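Note that the coordinates shown come from a computational prediction; the quantities given were computed from them, not determined experimentally.
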Amino acid sequence: MLLNAFDIPLEQLNQEPPVAPVRSQSVTRSMDSEAALAETAAAQLKYESDLDRWQRVNTAVYWHVVPSVVLTGVHERADQAVIDSLVKGHRAHGRALIRWALTHVDMSELDTQSKLFIAVTGA
């Protein structure tokens with residue numbers, strides 16, 4: 001629901017931050033030079049805007065998801081350290097938090113499914 005609120009498809013959960021634009025090649029005429037400089041400046045502004053939005057959304061995802069992560073058991077301290085490592089200053093890596101959490105709920109392996117079945121039916 002949060003991704004929908006930010007108009008981000010689920011497929012973009014693994015999306016990396018935007019890549020900085022490559023500086024244009026040298027030009028020979030002054031008008032070409034001015035146009036190239038303007039184009040480079042516009043590309044840099046768009047990059048900075050896209051990067052800022054990516055970081056703001058990524059941070060919001062983290063702070064919305066982290067309360068739903070339940071940490072218990074012998075790995076609680078290590079798991080908390082992983083989660084805490086995803087915060088740097090005012091920024092947080094929400095996409096990495098979700099990917100990390102999903103590694104603990106992957107039930108695609110037959111062995112994992114069997115253990116889950118035994119745990120549930122034994123209860």
Side-chain angles (χ1 to χ4, degrees):
M1 289 172 39
L2 182 63
L3 293 176
N4 284 336
F6 287 119
D7 194 28
I8 297 173
L10 185 59
E11 302 80 46
Q12 287 185 4
L13 184 60
N14 293 323
Q15 179 187 36
E16 294 298 320
V19 177
V22 178
R23 301 215 178 232
S24 58
Q25 302 294 335
S26 60
V27 289
T28 55
R29 297 188 325 213
S30 64
M31 287 186 68
D32 289 343
S33 176
E34 290 174 15
L37 285 174
E39 185 178 312
T40 301
Q44 184 65 29
L45 283 175
K46 180 175 179 350
Y47 162 72
E48 290 172 5
S49 173
D50 291 348
L51 179 62
D52 182 62
R53 181 177 191 282
W54 187 93
Q55 289 175 329
R56 283 185 291 114
V57 168
N58 201 29
T59 298
V61 167
Y62 177 92
W63 291 112
H64 281 81
V65 170
V66 79
S68 68
V69 178
V70 178
L71 301 177
T72 58
V74 296
H75 300 291
E76 181 176 355
R77 292 177 98 184
D79 291 344
Q80 187 64 56
V82 169
I83 290 172
D84 292 344
S85 74
L86 299 174
V87 179
K88 302 282 189 259
H90 297 294
R91 301 288 189 191
H93 202 334
R95 289 170 170 95
L97 174 63
I98 292 174
R99 289 192 303 259
W100 174 83
L102 289 175
T103 65
H104 295 283
V105 296
D106 182 9
M107 296 294 158
S108 60
E109 300 283 327
L110 183 58
D111 184 49
T112 310
Q113 291 176 9
S114 298
K115 287 178 185 176
L116 177 63
F117 179 77
I118 291 169
V120 170
T121 56

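- Between the side chain of Thr59 and the backbone N or O of Gln55, at least one donor-acceptor pair lies under 3.5 Å.
- Clustering ILVMFWY residues whenever any of their side-chain heavy atoms sit less than 4.5 angstrom apart, transitively, puts Leu45 in a cluster other than the one holding Tyr47.
- Atoms CG and CD, on Leu51 and Gln44 in that order, are 9.5 Å from each other to the nearest 0.5 Å.
- If you chain together ILVMFWY residues whose side-chain heavy atoms come under 4.5 Å of each other, Val74 ends up in a group of its own.
- Remark: Ala96 engages Leu86, His93, Arg99 in a side-chain contact (heavy atoms from CB on, under 4.5 Å) (not counting sequence neighbours).
- The minimum heavy-atom distance between Val82 and Ser85, with the atom names listed, is O-OG, 2.6 Å.
- The side-chain hydrogen bond (donor to acceptor under 3.5 Å, both in side chains) search around Asp84 returns Gln80, not counting sequence neighbours.
- Applying the salt bridge (charged side-chain N to carboxylate O under 4.0 Å, His left out) test to pairs two or more places apart or on separate chains, none has a residue in residues 74-83.
- The hydrophobic cluster containing Leu102 also contains Val61, counting ILVMFWY residues as joined when their side-chain heavy atoms lie under 4.5 angstrom apart, directly or transitively.
- Residue Val57 is grouped with residue Val87 when hydrophobic side chains (ILVMFWY) are merged at heavy-atom distances under 4.5 angstrom, including chains of intermediate members.
- Every pair passing ring-ring contact (aromatic ring centres under 6.0 Å, His included) that includes a residue from residues 100-121 is listed here, sequence neighbours excluded: Trp100-His104.
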Which donor-acceptor pairs under 3.5 Å do the side chains of residues 6-18 make with protein atoms, sequence neighbours left out?
none

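- Sorted by first and then second residue, the salt bridge (charged side-chain N to carboxylate O under 4.0 Å, His left out) pairs involving residues 43-66 (not counting sequence neighbours) are Lys46-Asp50, Asp52-Arg56, Asp52-Arg91.
- Pairs engaging residues 110-120 under the salt bridge (charged side-chain N to carboxylate O under 4.0 Å, His left out) rule: Asp111-Lys115 [sequence neighbours left out].
- Here the side chains of Val66 and Ile83 are in contact, with some heavy-atom distance below 4.5 Å.
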